[in-house]
Amino acid sequence: MKGERIGPYRLLAPLGRGGMGTVYRAEVQKTVAGLSAGTVVALKVIHAHLLETEGFFKRFLREAEIGQQVEHENVVRTYDCDALLVDGQQKNFLVMEHVEGQTLRDLLDELERVPEELCRHIGCEIARGLAAIHVAGVVHRDLKPENVLITEDHRVKVMDLGVAHLADEAIRLSMTGHFVGSVEYAAPEQFTGRGNGLDGRSDLYALGVVLYQMLVGRVPFQGTTPHAVLHDVIYEPPPPPRRINPNVSPALESVILKAIAKRPEQRFQRGPELTKALRAALAGQGTRVPTPPPPK
């Protein structure tokens, strides 16, 4: 698709492909969505199979339009979303701020485990971005290392805001074996029939999983199939991080275990609360947070 035009955008080079779609570096050809000609953006072409459900794209557009209202230094801007015919085929796409840097997934592939000080910085920055998203009345629903960008000057940005419904669809498809989405990072309530009432605490759960992975080199729940992971996410207590990596501080371990508690009311309720706990734990001022009881 390199060199192809989608409406006012010309595709320059592919940047990556994931469960939601393929992302391209693209250039604005004429002024659109407040962007002047020549502006470089990231354009994600959504996989067609994720949009087959009746009314799904309409919901996606509504979610993306809300995402356009979020302006924060720790959130990748959403500029535009649309559906256009290209050579007789409908292309559903999302246009985002282009940010030079690497994903947290890339960093994890390099380091496997992240030092606590860097973990604190990344975790606090993500929490700040999530707080801005939640204030706008949006739930991200698909926070994972692939959706966190780290720039060369160490700024951290949450991306893929505006694909919340696609994330939920990916999880549902994963349970049928057709597509493996972000099951490992999804909160229990996303599987138990309460997904329509999700709030920011589900995103903070995902951040807890990301923090866990940064410190121990793996997610809390690993299974050979999405069904096995799903079962453990809902019913099994996570292995304490210090059991896997004894170098994790007790205070930070307790913060993470609270963040990934099974029930939303047992977790941190807002991003600033989690940020404060992270800063205190890694400054040596934190105390152990009581571990939530296991689910019954």
Side-chain angles (χ1 to χ4, degrees), residues 16 18-20 102-116 118-120 122-123 125-127 130 140-150 156 158-160 167-168 170-175 177 179-192 195 198 201-249 252-264 266-268 274 278 281 291-292 294-295:
M20 302 302 168
Q102 67 174 166
T103 67
L104 179 55
R105 172 65 66 192
D106 294 334
L107 181 64
L108 288 172
D109 288 343
E110 290 178 12
L111 299 181
E112 186 177 352
R113 294 177 178 176
V114 176
E116 287 201 9
L118 181 56
C119 179
R120 177 192 71 82
I122 294 173
E125 294 286 280
I126 294 173
L130 290 176
H140 190 288
R141 304 191 192 201
D142 195 32
L143 182 72
K144 56 187 176 182
E146 291 85 345
N147 285 341
V148 176
L149 279 172
I150 304 172
V156 180
V158 177
M159 65 177 178
D160 264 3
D168 280 355
I171 289 170
R172 285 194 292 274
L173 288 173
S174 72
M175 288 186 279
F179 172 79
V180 177
S182 311
V183 181
E184 296 90 346
Y185 301 91
E189 59 268 24
Q190 289 181 255
F191 303 112
T192 55
L198 293 181
R201 294 173 295 183
S202 300
D203 288 341
L204 296 182
Y205 174 96
L207 175 51
V209 175
V210 170
L211 290 168
Y212 186 111
Q213 184 175 12
M214 281 195 284
L215 289 171
V216 308
R218 47 158 283 192
V219 293
F221 303 111
Q222 296 179 311
T224 56
T225 67
H227 288 278
V229 176
L230 182 154
H231 175 276
D232 291 350
V233 167
I234 297 174
Y235 299 110
E236 298 298 327
R242 284 170 53 80
R243 184 183 302 171
I244 304 169
N245 179 6
N247 294 322
V248 175
S249 66
L252 185 54
E253 177 183 71
S254 67
V255 170
I256 292 172
L257 290 176
K258 180 174 180 178
I260 59 175
K262 299 295 185 187
R263 296 197 293 271
Q266 296 175 326
R267 302 175 201 147
F268 296 100
L274 176 52
L278 278 174
T291 302

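Because the structure is predicted, anything quoted here is derived from the model rather than measured. Heads up: numbering here begins at 1 and tracks the sequence.
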Next item on the list: Could you please spell out the steps behind the side chain to side chain contact (heavy atoms under 4.5 Å, CB included) verdict for Leu274 and Lys258?
Entry: CA-CA 10 Å; Leu274 176 52; Lys258 180 174 180 178; over 6 Å; no
Note to self: Quick check against the 3.5 Å criterion: does Glu253 have a side-chain atom that pairs as donor or acceptor with the backbone of Arg242?
What the structure shows: yes
Item checked: Spacing of CD belonging to Glu116 relative to OG belonging to Ser249, to within rounding of 0.5 Å -> 4.0 Å
Notebook entry, point to check: Looking only at heavy atoms, which two atoms of Leu130 and Leu204 are closest? And how far apart?
Noted result: CD1-CD2, 4.1 Å
Check: Between atom CZ of Phe221 and atom CG of Leu230, what is the distance when rounded to the nearest 0.5 Å?
Finding: 11.0 Å
Next item on the list: Could you check Gln213 against Glu184 for side-chain hydrogen bond (donor to acceptor under 3.5 Å, both in side chains), going step by step and ending with a plain yes or no?
Entry: CA-CA 11 Å; Gln213 184 175 12; Glu184 296 90 346; over 6 Å; no
Checklist line | pair Leu252-Leu215: side-chain heavy atoms closer than 4.5 Å | finding: yes
Item checked: Heavy-atom check, side chain of Val255 versus side chain of Phe268, under 4.5 Å -> yes
Next item on the list: Give the minimum heavy-atom separation between Ala228 and Gly223, together with the two atoms involved.
Entry: CB-CA, 4.2 Å
Check: Hey, does Val229 have a side-chain heavy atom less than 4.5 Å from the side chain of Val219?
Finding: no
Next item on the list: Test side chain to side chain contact (heavy atoms under 4.5 Å, CB included) on Met159 and Thr103 and set out the steps.
Entry: CA-CA 10 Å; Met159 65 177 178; Thr103 67; 4.2 Å; yes
Next item on the list: Over all heavy atoms of both residues, which pair between Tyr185 and Tyr205 is shortest? Give the atoms and the distance, please.
Entry: O-CD2, 3.8 Å
Margin query: Out of the candidates Arg263, Arg267, Arg141, only one should pair with Glu189 under the salt bridge (charged side-chain N to carboxylate O under 4.0 Å, His left out) rule; please name it.
Written below: Arg267
Note to self: Ignoring hydrogens, what is the shortest heavy-atom contact between Val183 and Val233? Give both atom names and the distance.
What the structure shows: O-CG2, 4.2 Å
Notebook entry, point to check: Atom CD1 of Ile150 and atom CZ of Arg105: how far apart are they, to the nearest 0.5 Å?
Noted result: 12.0 Å
Check: Going through the distances and angles, do Leu104 and Asn147 end up as a side chain to side chain contact (heavy atoms under 4.5 Å, CB included)?
Finding: CA-CA 8 Å; Leu104 179 55; Asn147 285 341; over 6 Å; no
Next item on the list: Please list, chain by chain and in numerical order, all residues satisfying side chain to side chain contact (heavy atoms under 4.5 Å, CB included) with Asn245, sequence neighbours excluded.
Entry: Arg113, Val216, Asn247, Val248
Notebook entry, point to check: Below 4.5 Å, heavy atoms only, C-beta onward: do Pro238 and Ile260 meet side chain to side chain?
Noted result: yes
Item checked: Ile126 CD1 to Met214 CE distance, which is reported to the nearest 0.5 Å -> 5.5 Å
Next item on the list: State, to 0.1 Å, how close Leu207 and Gly123 come at their nearest heavy-atom pair, and which atoms those are.
Entry: CD2-O, 3.9 Å
Checklist line | Minimum heavy-atom distance Pro239-Pro220, with the two atoms named | finding: CD-O, 3.5 Å
Next item on the list: Any chance you could measure Asp160, atom CG, to His140, atom NE2, to the nearest 0.5 Å?
Entry: 6.0 Å
Checklist line | Heavy-atom side-chain contact between Leu278 and Leu211 under 4.5 Å | finding: yes
Next item on the list: For the pair Glu125 (side chain) and Ile122 (backbone), establish whether a donor and an acceptor sit closer than 3.5 Å, ignoring hydrogens and angles.
Entry: no
Check: Under the 3.5 angstrom rule, does the side chain of Lys262 hit a backbone N or O of Pro237 as a donor-acceptor pair?
Finding: no
Notebook entry, point to check: Can you name the one residue among Asp106, Leu108, Leu107 that meets side-chain contact (heavy atoms from CB on, under 4.5 Å) with Pro145?
Noted result: Leu108
Notebook entry, point to check: Under the side chain to side chain donor-acceptor pair (under 3.5 Å) test, which residues partner Glu112, sequence neighbours left out?
Noted result: none
